[in-house]
Amino acid sequence: MPDDFKSMSKPIPYGKQSITEEDIAAVVETLQSDFLTQGPKIEEFETAFANYIGSKYAVAVANGTAALHLASMAFNVSPGQKVITTPITFSASANCVRYCGAEVLFADIDPKTYTLDLNRVEDLFRKEKNISGVVPVDFAGQAVDLEELKKITDKYGAWILEDACHAPGGYFTDSKGTQQKCGNGAFASQAIFSFHPVKHIACGEGGMITTNDEKIYKRLSKLRTHGLTKDPQEMQENHGGWYMELQELGYNYRMPDMLASLGISQLKKADAGLKRRKQIAEVYDRELKNADVLTPFYKEGHAFHLYVIQSSKRKELYDYLRTKNIFTQVHYIPVHLMPYYRQFGYKRGDFPNAESYYDRCLSLPMYPALTEDEQEYVIDCIMQFK
Ligand SMILES: *Cc1c(COP(=O)(O)O)cnc(C)c1O
């Protein structure tokens, strides 16, 4: 059996973590230390991550969904408010608003970038009252132009919570020609990331909130550990060394130290991973030019979490690739069409761009460990598909 056949007989997923010997050693070292949860590795990871992203502060939490929840709480999202997001995202970007009892408004996507259409966002602000904020998603790794979005939100006194799960290391170029890194806090007062295994930096589970606002940073640190504080400056009373105060209702959303040490080790390879993702995208762009699929449009600074093509025979192509042991995926089923959101009156036809995108989209294998042979095999299979 030729060697390349063996490698193809192994399933090729759309996304996958890369774990090295150094990653393993880092976790083992922490396992042998005195701290398993929220010890010194958390602060080390937070500092390294904030440096990488270009934000002042970072708060590590249990996962990306917990990050969205706490960020919403720190913006005081509450019943009676409305928050805008995109239907083409993982449902957690919308669910965090519901956790806080507020209403989710969706705005359609731009058919070219697949991110929020800012004109539709502005339409909503004109039409609806009590919109407190917007959750833009740097979908697939394409950074949303937050400078443009902030012009709108500022007019209405609303905040921005950037869901940058797909875009650590990504950026957009602002009107002054400055590269604005996703999550750097220049326009969005909070941004969140996930360390799920398919994301750029894998911890198994894990999330991060970045911000430049000290008050928000302190509040988030408290909220992730039940709402408790031991800071004498903040406490109303002090009964002795054991004393701590529950000041508001928080959660146990801490990240374990073992996972933070994995994150620190993974972060060191983030730039190399980003470079490899770009190469993979370039090869797909070039080789699929003559295939019967639409390759993605992207701007400079794209972080290539996903490589999404569109096909008029998407289901057939998906099924065909599965028979070839290639496990592509669909990102995403529009959130407004999920039964949970349909109960609020959303239905098919509400967001035509998102829906026609959903009917055709397919995410091809995209991760740094994808070999050249594997990618060639994926491309050959797509070219052969009739
Ligand atoms: C992965 C992801 C999340 C949720 O992150 P978890 O760590 O899985 O909770 C939220 N939003 C987007 C866009 C994501 O891709």
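Start at 1 with the first residue, then count along the sequence. Start at 1 and go down the list; that is how both ligands and their atoms are numbered.
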List the closest protein heavy-atom neighbour of atom 11 (N) of ligand 1: residue, atom name, distance to the nearest 0.1 Å.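 Answer for atom 11 (N) of ligand 1: Asp163 OD2, 2.8 Å.
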Please list, in number order, the atoms of ligand 1 under 4.0 Å from a heavy atom of [X].
X: His166; value: 13 (C), 14 (C), 15 (O)
X: Asn63; value: 7 (O), 9 (O)
X: Tyr332; value: 15 (O)
X: Gly64; value: 5 (O), 6 (P), 7 (O), 9 (O)

Distance only, no hydrogens: is a donor on one side chain within 3.5 Å (strictly under) of an acceptor on the other, for [X] and [Y]?
X: Asn95; Y: Tyr341; answer: yes
X: Ser265; Y: Asp23; answer: yes
X: Glu300; Y: Tyr171; answer: yes

Please state whether His305 comes within less than 4.0 angstrom of ligand 1, counting heavy atoms only. no
So is Ser93 in contact with ligand 1, going by heavy-atom distances below 4.0 Å?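 Per 4.0 Å heavy-atom rule, Ser93 contacts ligand 1.
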Walk me through it: do Phe344 and His336 pass the test ring-ring contact (aromatic ring centres under 6.0 Å, His included)? CA-CA 9 Å; Phe344 302 109; His336 71 285; over 10 Å; no
Between Tyr367 and Tyr14, is the ring-ring contact (aromatic ring centres under 6.0 Å, His included) condition met? List the steps. CA-CA 8 Å; Tyr367 48 93; Tyr14 82 90; 8.6 Å; no
Check whether any side-chain heavy atom of Glu128 lies under 4.5 Å from a side-chain heavy atom of Leu105, and answer yes or no.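 Heavy-atom side-chain distance check passes, below 4.5 Å.
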At a non-hydrogen distance cut-off of under 4.0 Å, which region of Thr89 contacts ligand 1 (side chain, backbone, both, or neither)?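 Looking at Thr89 and ligand 1, just side chain atoms fall under 4.0 Å.
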Consider every N or O of Thr65 and every N or O of ligand 1, then say whether any pair is closer than 3.5 Å. yes
Would Lys199 count as a polar contact of ligand 1, with the cut-off being nitrogen or oxygen pairs under 3.5 Å? yes
So, Glu46 and Arg224, do they make that salt bridge, N to O below 4.0 Å? yes
